[in-house]
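Worth knowing before you read on, the calculation uses all heavy atoms, side chains too, and leaves out hydrogens, waters and symmetry mates. Chain A is the first sequence line, chain B the second, and so forth, proteins listed ahead of strands; every chain is numbered from 1.
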Amino acid sequence: MDDIEAELGISRSVGNEDFSDSSEDERVARKIRPPILLHSSTAQARAKESGFHESSRLCLKAIRDAMLHHHWQEAAQYLSAYSQTLEDTTVNKQSLACEIIWRLGTEILQHHPNSRLEDFNALYEQMKNSGVKNYAKICLEHSFHLLLNGHIYDAKRQLSVAASWRYGKQSVPQSLDLKLIHAYCGFLDYVIWHMKKSSVSEAEDNSSNREMHSYFRQASVTLQEIIAQPGVWDPFVLSYVDMLEFYNDQEEALKVLQNYAYNKDYPSNPNAHVYLYQFLKRHEAPPAKLISILKVLHHLVPSHELMQEYCYLLVNSVVPGHLEESLPVVFNLLDYPSWKNDLDTWNCLLTVMTVFKRKGLQHLIANEWKQRKDFWLTMHYRAYHGRKDSELNRELLLVKAKVAKLLGEHGKPDHFFKYKLLIIFIFLMF
Amino acid sequence: MDEHLTEGYSEPCKQCGAVSWALSDGCQFFCRNCHNVIEKTQDVVDVSSFILNNKISSISSSSRKKTRREGGREWMVCEGFQFILKLQAEALVGLGVCPQFKTDVLWDFWKRYLQITRQAYTRSPVNSFTNTVYLSSESEPESAFLSEASDQTEPMSASGHSTDGRSSVCSGSLDAACYLSAKERKSRQLMNMPRTLALCHLALLWLREAITLADLLRLVSRRLIPYINVYEEFPEEMQFYGRDAIIFRVETIPSYRKVHGEALQMAEILQLPAFPPVTSDCLLHPALLSLRYLMEVNLPDELHSLVCRVIEKSAMGKESFLTFNPSKPKSTFLFYDLQAAALIIVTMKLLFKLDDHVEWTLSRKAVKKDDQGKKKTSKQGSKMFSLKAWYMTVHPALERARQREELFEARRPWKSKKVLIPAMKHKAVVLKRRRVVEQLQSSFHTLTGSVPEQQSSSPSSFQFLWGQEEDSDGPSLHHKRLNCMLEKRGKEKWLVNQAYWHTDLKRCHKKDCRDHYSELKHSLPRMYVWLLGLFSFLLRIFV
């Protein structure tokens with residue numbers, strides 16, 4: 001408690017008396033209190049603050065209370081009174097004020113019944129230009145807002161203005177945001193291309209075609225640049241591949257996807273493998289290839305929804321050894337609670353087990369079951385589950401019963417016997 | 001009078017032959033002996049001279065001579081303070097203070113201050129540039145001169161002036177730089193914004209007006225007395241920028257303690273004689289002031305006689321005790337409002353003990369006695385004063401008032417439309433910020449569809465309204481009886497509660513005597529703490 005000020009990095013506000021000429025950079029270097037904690041101050045700090053700061057602290061508290069109670073009208077009134085903090089002469093408080101007013105203002109406008117798009121635009125424009133620290137973020141948020149409201153061209157315009165922004169030392173800490181701005185520029189080009197594509201497909205208009213192609217060129221240049229850098233770029237990769245497929249450039253698309261999935265520099269991303277798999281499936285790749293991709297995915301995410309497909313691929317595969325691998329895959333899948341009540345998964349298990357029984361591979365079933373029998377019984381085969389399944393999903397109950405029959409041959413038959421009795425009883429009742 | 005302006009001209013007068021010229025209102029030369037007006041008019045000299053306009057309400061252009069230099073004139077910081085005092089005095093007179101406050105008392109105090117600190121009305125002013133200053137003559141009691149001599153090209157001491165420009169680049173006024181160094185401020189006893197309030201307080205005290213210091217600060221808070229952003233009302237000619245901002249900008253309403261301290265210092269600086277005595281019919285006397293506070297907190301009127309008894313016994317009603325006499329070294333400068341509140345609290349303590357037990361017992365007894373009495377006199381509401389009922393009435397009203405006050409404080413606009421530019425290089429940024437703020441405010445106003453009303457309807461000295469009206473804070477308890485607090489033993493009436501407690505007293509050094517309350521607060525009875533909180537809310541004194 002005593003050292004909380006040191007931990008939170010509270011800085012003493014600069015007194016109004018010494019309005020010296022130190023530059024903004026020096027002040028930035030001092031520790032700034034995060035805005036989230038502005039409303040809670042120590043009694044000592046409160047004793048020393050000026051009346052103006054006390055008013056702004058109380059005003060922030062009032063805004064917070066109004067917002068939490070969803071009194072948007074009140075919140076807007078207090079925010080307009082709070083805007084006087086933009087003229088604060090203490091530098092660190094003033095720079096915080098810009099961020100606070102931006103974030104609170106957008107939140108209030110979103111919920112206020114009378115707000116229009118012009119209000120949003122006006123707020124964004126004003127807050128962009130007061131204080132440079134948040135410029136990139138505000139630009140991004142502004143263009144997202146326009147995008148969500150359907151003004152795609154305006155969003156694009158905003159981003160292209162922002163992309164060419166440079167401000168000396170401020171560009172460096174905001175470089176990540178600027179990269180995002182660049183990426184979304186490309187993405188918006190893709191969105192516009194997509195719009196034009198769907199409108200052009202009816203009429204064969206040369207000029208609009210050319211426009212469409214120009215957007216494609218712009219988008220592909222930007223997206224290629226972005227995707228070449230390590231990172232998680234899911235929507236951008238998808239959009240780029242979509243465009244390439246339209247122009248029938250399969251090799252390039254494959255190259256991009258493989259790079260995205262297999263390059264060690266990129267952070268491990270299961271979605272990359274999913275995209276690659278989907279792409280190859282669309283283009284009818286041989287099952288061996290598909291299997292190899294899904295194998296990696298299985299290692300990364302054993303509970304992925306594609307594991308069922310993987311299982312079927314393995315079962316139907318001609319390569320020896322694949323069949324044996326399918327059982328652990330489906331057992332792993334059912335280890336996860338998200339697949340507990342899924343009919344298809346249980347059917348898959350049933351299929352695999354019958355196949356194994358037919359092919360005389362029961363020892364494998366026994367192996368898998370030995371690992372799992374302790375917790376599977378409580379997870380899948382309790383009386384409670386029986387009752388619930390009987391109410392919600394009769395078929396599941398049947399399938400589970402069949403599986404139980406098969407599993408019962410490998411251990412704990414009496415438990416299964418009790419379970420089966422229960423099911424018969426339930427069937428007799430209804 | 002105008003020798004410095006006419007000294008270049010030494011032709012003898014055609015009519016009387018004397019060489020004594022003066023300037024008329026029309027800036028024409030006339031002979032002082034025979035009042036012969038000649039053709040010669042005042043040359044437009046580079047030396048500026050001006051006459052400080054005083055606090056008369058009508059500004060007659062004839063008595064003002066100034067050179068227009070880029071639409072502005074030069075001014076000293078004390079002129080600014082004079083203007084502020086004028087506005088404050090006018091506001092107070094508008095609120096009901098007698099007009100002599102403005103024309104006699106405050107004005108005299110101010111003149112005395114200027115004279116003692118040698119900023120005006122003296123032969124050797126303290127400003128760094130030497131000048132010939134003229135004392136006001138007796139025939140013109142209402143105008144004063146502050147003029148500069150021609151030798152302003154003398155090198156200035158560290159005042160930051162440029163030798164050729166009159167008003168420096170750092171500030172609109174001429175001597176703002178002097179006000180910035182703490183050492184000079186202290187040594188020359190310069191004026192600052194809280195001191196304007198302190199001066200008003202002294203003047204009110206001199207006139208024994210009913211406005212106590214707590215009231216004054218409350219009026220300032222309600223913007224009925226100009227204090228925050230008062231520089232907006234400076235006339236156009238007084239160009240205001242740069243370091244002036246630091247002197248005149250206000251970002252805190254000063255606390256009671258601060259203004260009181262400043263008033264004490266000012267009384268010392270001004271070397272005032274004994275103040276007019278505070279007699280028992282004057283509104284500052286604790287007997288009358290406590291009546292006002294009793295009404296405010298909804299306590300029964302019968303309590304007032306008990307409070308008067310306490311005043312008698314403690315000898316706090318004596319004139320010699322109450323009157324402030326700066327010339328005597330041991331005289332204390334009293335806090336009249338605090339004193340009245342303290343007397344009420346002590347009376348309550350005597351009556352109820354206020355130790356979280358006795359007062360509730362007594363109020364239960366009062367209710368019981370009331371119920372018994374009800375059987376006899378039906379249809380009457382409870383006549384006895386019960387502390388519990390009082391607490392249950394006053395506490396919610398207090399909480400509501402605190403909440404209102406907090407929201408009022410949250411909405412208070414500190415920044416003015418007239419932008420303060422602390423340094424020229426920040427001018428563009430400051431103007432842009434002002435623009436952004438105004439745009440934001442107007443857009444939010446159109447969003448909410450209304451401009452919230454800030455100002456209360458009319459200034460009232462009471463903060464709570466007790467009675468049966470619609471917007472009252474609660475039922476009035478003024479008529480309740482205190483019979484159950486007194487019991488008859490023999491022929492006299494004694495208080496039911498016979499105990500009294502006090503926290504440990506200890507000596508502390510005068511300079512270290514700051515804030516005992518925060519140490520003791522956790523050990524005091526809650527009812528007592530609540531009562532202190534009630535009065536500190538009323539008097540706007542925050543612990």
Side-chain angles (χ1 to χ4, degrees), chain A residues 15-21 24 43 46-47 49-63 65-66 72-90 94 97-98 101 105 108-109 112-116 118-120 122-123 125-127 129-131, chain B residues 179-182 185 220-221 227-228 242-243 245-247 249-255 403 405-416 419-420 422-423 425-426 429-454 515 518 542-543:
Chain A
N16 291 331
E17 292 288 328
D18 57 326
F19 199 98
S20 57
D21 303 336
E24 199 166 2
R46 260 179 253 181
E49 69 185 349
S50 75
F52 174 52
H53 289 147
E54 184 191 350
S55 287
S56 43
R57 177 173 57 86
L58 291 172
C59 197
L60 190 61
K61 179 164 172 269
I63 295 175
D65 288 339
W72 302 111
Q73 190 80 342
E74 251 185 68
Q77 285 173 356
Y78 284 116
L79 191 67
S80 79
Y82 191 77
S83 54
Q84 62 176 344
T85 52
L86 277 175
E87 292 185 276
D88 197 342
T89 47
T90 38
Q94 199 272 337
C98 296
I101 293 178
I108 292 175
L109 282 175
H112 198 278
N114 294 344
S115 62
R116 310 154 303 176
E118 292 87 46
D119 298 324
F120 276 99
L123 181 67
E125 287 297 331
Q126 279 158 4
M127 298 326 292
N129 293 319
S130 40
Chain B
Y179 278 73
L180 294 180
S181 93
R185 270 206 300 268
V220 167
S221 166
Y227 184 71
I228 303 174
R243 312 256 165 148
I246 300 178
I247 303 169
R249 178 180 62 200
V250 164
E251 292 211 340
T252 316
I253 296 178
S255 68
Q403 183 73 359
E405 196 54 44
E406 196 178 286
L407 293 179
F408 181 77
E409 190 66 42
R411 280 216 186 113
R412 187 199 293 277
W414 288 92
K415 300 287 179 184
S416 77
V419 175
L420 278 179
K425 66 176 185 176
H426 294 130
V429 175
V430 172
L431 286 175
K432 178 178 136 196
R433 281 184 191 160
R434 180 73 220 158
R435 223 179 26 243
V436 168
V437 168
E438 282 180 4
Q439 279 171 0
L440 271 178
Q441 284 184 338
S442 69
S443 67
F444 274 107
H445 283 160
T446 50
L447 183 68
T448 59
S450 69
V451 178
E453 280 300 312
Q454 279 275 347
D515 199 7
S518 51
F542 304 111
V543 274

Quiz prompt | N/O donor-acceptor pair under 3.5 Å between A:S80 side chain and B:Q441 backbone | solution =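 Here the side-chain-to-backbone pair does not exist.
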
Quiz item: Do any N or O atoms from the side chain of A:Q126 and from the backbone of B:V436 form a donor-acceptor pair under 3.5 angstrom?
Solution: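 No; judged by distance alone, with no hydrogens or angles, the pair does not exist.
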
Drop me the distance from [X]'s [atom1] to [Y]'s [atom2], to the nearest 0.5 angstrom.
X	Y	atom1	atom2	result
A:R116	B:L447	CZ	CG	8.0 Å
A:H53	B:W414	NE2	CH2	10.5 Å
A:Q73	B:F444	CD	CZ	11.5 Å
B:R412	A:E54	CZ	CD	9.0 Å
A:N114	B:T446	CG	OG1	9.5 Å

Quiz prompt | Which atoms of A:D119 approach chain B - backbone, side chain, both or neither, heavy atom under 4.5 Å | solution =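 Only the side chain of A:D119 comes within 4.5 Å of chain B.
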
Exercise. Heavy-atom distances under 4.5 Å only: say whether A:I63 touches chain B with side chain, backbone, both or neither.
Key: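 Neither part.
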
Practice problem: Evaluate side-chain contact (heavy atoms from CB on, under 4.5 Å) for B:R249 paired with A:T89, printing each intermediate quantity in order. | Solution: CA-CA 11 Å; B:R249 178 180 62 200; A:T89 47; 3.4 Å; yes

Practice problem: For the pair A:F52 and B:V250, evaluate side-chain contact (heavy atoms from CB on, under 4.5 Å) and give the outcome as yes or no after the intermediate values. | Solution: CA-CA 9 Å; A:F52 174 52; B:V250 164; over 6 Å; no

Exercise. Verify the distance criterion only: is there a donor paired with an acceptor across the side chains of A:S55 and B:E409 at less than 3.5 Å?
Key: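 A donor-acceptor contact under 3.5 Å links the two side chains.
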
Quiz item: Among all residues two or more places apart in sequence or in another chain, which pass the side-chain contact (heavy atoms from CB on, under 4.5 Å) test with B:E406?
Solution: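 Here the qualifying residues are A:L58, A:K61.
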
Quiz item: Is any side-chain heavy atom of A:Q77 closer than 4.5 Å to a side-chain heavy atom of B:H445?
Solution: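 A side-chain contact is absent here, since even the closest heavy-atom pair is not under 4.5 Å.
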
Quiz item: Sequence neighbours excluded, which residues qualify as salt bridge (Lys or Arg N to Asp or Glu O under 4.0 Å) partners of B:R435?
Solution: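 For B:R435 there are no salt bridge (Lys or Arg N to Asp or Glu O under 4.0 Å) partners, ignoring immediate neighbours.
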
Quiz item: Which atoms form the tightest heavy-atom contact between A:E87 and B:V437, and what is the distance?
Solution: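 Taking A:E87 first and B:V437 second, the nearest heavy atoms are CG-CG2, 3.9 Å.
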
Practice problem: Might you point out which heavy atoms bring A:A76 and B:T448 nearest each other, and give the distance in Å? | Solution: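 So the two residues come closest at CB-CG2, 3.4 Å.
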
Practice problem: Could you go through the side-chain contact (heavy atoms from CB on, under 4.5 Å) check for A:M127 and B:L440 one step at a time? | Solution: CA-CA 10 Å; A:M127 298 326 292; B:L440 271 178; 4.2 Å; yes

Quiz item: In terms of heavy-atom pairs under 4.5 Å, which option from A:A122, A:S83, A:S56 contacts chain B the most?
Solution: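 Of the candidates given, the most pairs with chain B belong to A:S83.
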
